[in-house]
Structure formats: C-alpha cells, structure tokens
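Both counts, for ligands and for their atoms, begin at 1 and track the order of listing. Nothing here was measured: the structure is a model prediction, and the numbers come from that model.
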Amino acid sequence: MKEAIAILKSEHRSISAVLHALKELGRMAHDATARPRFQVLRSMLRYIDEYPEQLHHPKEDQHLFARVVARAPEARLLVEELQAEHEEGARLIRELERALLFMEEGWPLGAREFRKAVDAYAEFHWKHMRKEEQQLLPLAERHLLPEDWKAIDAAFAANTDPIAGMQERDFDKLFSRIVSLAPQPVGLGERWPGT
Ligand SMILES: [Fe+2]
Ligand SMILES: [Fe+2]
C-alpha cells in the first residue's frame, strides 16, 4: 500500500475511535443518574475539531485532491463534494460545541439534544471518510503517477501543518488524555453514576 494511503487510513481510524467514544459518552451523559464530569467531552470535541482541521484535511485538500483532479478531471465533482463536507464538518462542530455548553449549564436538560447532535455528526463524518476511502482512493490509485505519489507521500509523512505548526505528537498526547479522562467502560476514568 502507498505510504500516504496507509497514513490517511490510520488517521481515519484515530478520528473514528474518538467518534465511537464520543457517541458512547453522549449516551452515557443522557443516562447518568448524577451530574457527569464533562471535561472529557470538551477534549473530545477539541480533538475531532482540530485533528481533521489542522492535520488531516489540509493534506487531503492541498496534495491528494489537487493531484487527483489534475490527472482525472472526472473526479472534480466528487472532490468538490468532499471539500464542501470539510467545511460543513467544521460548522457542525460549532453546533456540537453549543449543544455541549447548553447541556453543561442545564444538565440533565440538553442531554437528549447533545446525544442527537453527536449521533448525527458521527454519522456525517463516517460517511465522509467512507466516501474518501471507497470512491476517491480508487481513483487516485488508478490515475496518479509515481511522481504524484512521491510528493503526496512526502506531504503525508511530514505530518506537520506548516500554518498551524501543530504536530502529530500533540494529538497523540490529547488522545491519551481523552482515554485517561473518559469514564469506564469507554476509558480508564471513574465510572459515571448510573451508567
Ligand atoms: Fe476528508
Ligand atoms: Fe479524510
């Protein structure tokens, strides 16, 4: 497998793991019998906001998508859809943040809405990643030339977004923090009462 594809899929798996955990915590925040500690939800939202925004999407947009469109003009529509989804995803995260704030202020009020918003967001993001893996990557593998892959592999392996200056290891740290904060059985933290 091309290095860039392996990295892209592994980044999708990291995002997916946090989405699964977030969904489970959305359910638990709804079912809890005493006020849960919401700090972990803020860390999770930060992760699924910043990791794609700062690390993952720029590499897709600037390197992979751009070269696929240049070599296979028939991919333009698909790429435009994927780019629009990147923007839509950022907007949906803002809504999730608002729903979390509302729930934190009024819990258990707002827990049902937060859970619904989380489920919808997770579904949206999974669909987006599936589209990239099942539709975009096969086109890339069919049409890109060795010199394209050389440049794309280098960009994906560098794993530094020059604009944000955010490094992969910062996200690894945030990911570990999420796991240690998340209540059992999702993570290693104290179990939320009633869940
Ligand atoms: Fe994407
Ligand atoms: Fe992606």
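- Contacts of Phe102 classified as ring-ring contact (aromatic ring centres under 6.0 Å, His included), with partners at least two apart in sequence or in another chain: none.
- Screening the protein for N, O or S atoms under 2.8 Å from the Fe ion (ligand 2) yields 4; no waters enter the count.
- Between the side chain of Thr195 and the backbone N or O of Met28, no donor-acceptor pair lies under 3.5 Å.
- Among His57, Lys131, Lys127, the single residue meeting the side-chain hydrogen bond (donor to acceptor under 3.5 Å, both in side chains) criterion with Glu85 is Lys131.
- Within the structure, the ring-ring contact (aromatic ring centres under 6.0 Å, His included) test picks out the following pairs touching residues 172-195 (sequence neighbours left out): Tyr47-Phe175.
- The salt bridge (Lys or Arg N to Asp or Glu O under 4.0 Å) check on Asp119 picks up Lys23, with sequence neighbours excluded.
- Taking the six-membered ring where the residue is Trp, Tyr121 and Phe124 present tilted rings, their angle falling between 30° and 60°.
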